[in-house]
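A quick write-up on the structure given underneath.
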Amino acid sequence: MKETSQKPKLAVWKFASCDGCQLSLLNCEDELLAVADVIEIANFPEASREVIPGPYELSLVEGSITTPHDKARIQEVRRQSKFLVTIGACATAGGIQALRNFKDVNAFIDIVYAHPDYISSLATSSAIADHVPVDFELPGCPVNKQQLLEVIIAFLHDRKPNIPHHSVCIECKQRDTVCLAVTQDIPCLGPVTRAGCGAICPAFNRGCYGCFGPMETPNTESLADELRDKGMITEDLLRLFRTYNADSPAFKMESERHE
Amino acid sequence: MSEGAKTKIIKVDYLARVEGEGGLYLKIHDGKLEDVQLKIFEPPRFFEGFLRGRKYSEASDITARICGICPAAYQMSAVHAMENAFEVSVDGPLRELRRLLYCGEWISSHTLHVYMLHAPDFLGYESAVHMAKDHQADVERGLQLKKIGGEIMSFIGGREIHPVNVRVGGFYKVPTKREMQGFRATIERARDAALETVNWVSTFDFPEFEQDYTFVSMQHPDEYPMNEGRIVSNRGLNITAANYDDHFEEIHVKRSNALHCVMKEGGQSYHVGPLARYALNFDRFPAHIQDVAKQAGLGKVERNPFRSIIVRSIEVLYACEEVLRIIDDYQEPEQPFVKITPKAATGYAATEAPRGILYHRYKMDEKGDILDANIIPPTSQNQKMIEDDLWKFVPQYLNQPDETLRWHAEQAIRNYDPCISCATHFLKLDVERS
């Protein structure tokens with residue numbers, strides 16, 4: 001076993017999020033102790049009270065930027081990190097809390113609150129890459145834990161992570177799921193959504209709802225037109241593209257076509 | 001300034017081994033504890049704000065994103081609130097499958113807390129990874145047990161974090177009887193590991209500390225509560241979820257981005273979670289589980305919050321046995337879900353998340369679009385209780401070194417398995433413009 005000081009140091013940082021993506025690391029039950037053997041888990045508050053100071057070889061960042069304090073904090077995280085990887089839809093695309101970006105903020109303020117002066121919040125929820133350079137973005141709400149392990153291993157070996165950019169449709173074919181859109185007319189975002197989940201929803205007889213965000217060069221307009229032809233109303237088209245990756249450019253542009 | 005010299009501040013800037021971002025502030029003056037503040041600085045995400053205008057059918061997936069550790073609890077409270085609004089009841093195998101999903105979440109969430117977040121406090125380690133160096137077999141048992149909890153969630157829900165198979169009225173797809181049976185051997189292993197867990201944690205040293213808590217939990221006539229029941233207390237409260245707002249209220253305090261909950265009558269704090277469920281439902285356990293609890297040193301009511309780690313372990317054991325029962329009794333339902341017809345209505349539900357009562361209320365228009373939503377998670381209900389515990393527990397350690405004092409205070413907070421991500425989802429927005 002390597003000496004503690006020689007192991008590369010890993011840090012896990014949390015911003016506005018549900019904790020699910022960093023939990024994915026603790027959900028690697030079969031691999032966790034082996035990972036801890038070759039990597040120093042140096043700063044991971046959800047798992048350990050011990051904090052070993054930076055700089056860190058690899059920082060995993062969960063969550064989006066929503067407060068003035070976090071806007072400053074991400075700069076400090078970047079300074080301390082050789083590689084910075086965002087994990088999940090919040091860090092990569094602003095997350096579900098980016099729905100506030102589409103509202104007139106006055107609509108929220110109108111809701112009378114006991115002491116709004118106690119709260120400090122920005123008008124938007126934004127992706128980490130809007131604030132600092134990011135070395136790799138891992139999509140998903142939540143991330144796939146096998147993909148998370150692949151990213152950690154790849155960065156520690158100085159190679160590019162092997163993460164596919166194609167659509168969920170390919171994963172349905174790989175697992176022999178019959179196409180729900182073609183055979184049952186179930187609305188499905190699979191053709192425009194990035195693979196990675198393993199095409200779980202269609203396997204459960206449910207249309208993909210896009211929680212891994214847009215694939216590379218998605219044709220959202222064509223899909224939306226087809227859904228409309230099959231009877232989906234404008235309000236539902238808007239909501240379909242405006243969920244966990246609402247602020248990702250491709251889904252954002254498509255949802256705005258239905259406003 | 002002799003007076004200033006006598007004042008000592010103990011701070012934990014960033015609480016570790018809890019879910020989410022919080023800190024602790026203790027002020028000691030002249031050897032006396034003067035202030036206790038559990039600070040929550042997790043940024044608010046305003047779920048109740050953006051739920052407005054979404055469809056009734058979207059609430060379960062959206063609110064799951066409040067918490068990656070107990071997403072099924074959010075899905076369960078959401079679908080039950082919608083079914084309450086639209087006057088639909090989901091019974092038989094579909095009801096059992098929901099209980100199965102909840103059992104999976106209790107097993108995975110509780111085991112995460114018992115082994116990875118709380119046990120290191122008792123055994124003197126910074127983390128479970130540190131602990132594994134001396135207690136490898138125990139940590140590996142915990143990881144495998146937690147893994148099976150996750151596998152149950154993936155089996156019925158599609159994945160362990162933010163399951164995809166839950167919908168208002170039931171599920172998108174239900175398992176076959178054969179698929180259920182195929183799972184049995186794994187669950188038997190989990191049950192054995194759960195029993196070993198109870199035995200292991202019952203050997204820990206527990207600080208002498210008890211409080212005369214007001215316990216609040218759900219109660220069901222026939223079963224240990226998860227998805228259904230009335231909300232009861234050990235002081236005579238007995239209400240339905242629809243009356244929750246009449247009896248509990250939230251107070252906004254400056255030090256916290258989460259609201260503090262108190263009982264309206266008397267304004268006092270109350271305790272939700274495993275200790276409350278256990279105290280109010282002990283007789284719903286099968287006799288042999290009651291025996292295991294007795295052998296582990298528990299009474300019918302447990303008032304020492306440090307021993308909640310034993311109670312969680314008992315609940316994990318019970319959940320494993322429930323999964324076995326559900327597998328054995330399972331008959332495939334004719335339809336995976338009950339059809340829903342939306343209408344203008346308000347729906348209420350509470351279910352037992354691993355950390356305690358999770359209350360949802362939704363008001364819908366005639367199309368089923370959400371007009372108003374209110375969500376009260378267990379950690380905001382326990383937040384004032386945690387501070388009350390610290391007020392009474394910390395003074396005995398005031399003469400000890402700061403690090404010892406800090407360790408004990410953190411351990412007392414972790415008794416509640418606080419989920420700060422949950423507690424902070426709901427504040428309304430105040431905007432700083434740049």
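Within every chain, numbering begins at 1; the chains are lettered A, B, ... in the order of the sequence lines, protein sequences first and strands thereafter.
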Could you pull out the closest heavy-atom pair between [X] and [Y], with the gap in Å?
X        : Y        : result
B:Ile161 : A:Gly20  : CD1-O, 3.1 Å
B:Pro43  : A:Thr66  : CB-OG1, 3.3 Å
B:Arg45  : A:Cys90  : NH1-SG, 4.5 Å
A:Cys201 : B:Val164 : SG-CB, 3.5 Å
B:Phe155 : A:Phe204 : O-CZ, 3.8 Å
A:Ile96  : B:Phe50  : CG1-CE1, 3.6 Å

What's the spacing between [X] [atom1] and [Y] [atom2] if we round to 0.5 Å?
X        : Y        : atom1 : atom2 : result
A:Ile200 : B:Asn165 : CD1   : CG    : 10.5 Å
B:Tyr14  : A:Asn43  : OH    : CG    : 8.5 Å
B:Met131 : A:Ser48  : CE    : OG    : 11.5 Å
B:Glu126 : A:Arg49  : CD    : CZ    : 5.0 Å

With chain A, which of [options] has the greatest number of heavy-atom pairs at distances under 4.5 Å?
options                              : value
B:Lys173, B:Glu140, B:Lys147         : B:Lys147
B:Ala64, B:Gly53, B:Ser127, B:Ser154 : B:Ser127
B:Asp61, B:Val174, B:Asp369          : B:Asp61
B:Gln136, B:Glu19, B:Glu410, B:Lys55 : B:Lys55

Taking the basic N atoms (NZ, or NE/NH1/NH2) and the acidic carboxylate oxygens, is any pair closer than 4.0 Å for B:Glu21 and A:Lys14?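 No.
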
Output yes when B:Glu160 and A:Lys145 qualify as a salt bridge under the 4.0 Å nitrogen-oxygen rule, no when they do not. yes

Excluding sequence neighbours, so at least two apart, what forms side chain to side chain donor-acceptor pair (under 3.5 Å) with A:Thr193? none

Identify which part of [X] has an atom lying under 4.5 Å from any heavy atom of chain B, answering side chain, backbone, both or neither.
X        : value
A:Ala47  : backbone
A:Glu235 : side chain
A:Ser24  : both
A:Asp70  : side chain
A:Ala89  : neither
A:Tyr209 : side chain
A:Leu26  : both

pair A:Pro142-B:Arg159: side-chain heavy atoms closer than 4.5 Å: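 Yes; the side chains approach each other to less than 4.5 Å.
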
For the candidates A:Asn205, A:Asn27, A:Leu33, which exhibits the highest count of non-hydrogen atom pairs separated by less than 4.5 Å from chain B?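 The option with the most such pairs is A:Asn27.
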
Heavy-atom pairs under 4.5 Å with chain B are the metric here; pick the option from A:Cys28, A:Ser17, A:Ala16 that has the most.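 Maximum pair count with chain B is reached by A:Ser17.
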
May I ask you to decide if [Y]'s main-chain N or O and [X]'s side chain share a donor-acceptor pair within less than 3.5 Å?
X       : Y        : result
B:Arg54 : A:Arg239 : yes
B:Arg17 : A:Pro45  : no
B:Arg65 : A:Cys141 : yes

Heavy-atom count check: over 12 atoms from other residues, nucleotides or ligands less than 6.0 Å from B:Gln335 CD?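 Atom CD in B:Gln335 is not crowded, with 12 or fewer foreign heavy atoms closer than 6.0 Å.
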
Part of B:Leu51 within contact of chain A (heavy atom distance under 4.5 Å):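 When you check distances to chain A, no heavy atom of B:Leu51 falls under 4.5 Å.
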
Only heavy atoms, only distances under 4.5 angstrom. Which residues in residues 111-119 of chain B are near chain A? B:Leu112, B:Met116, B:Leu117

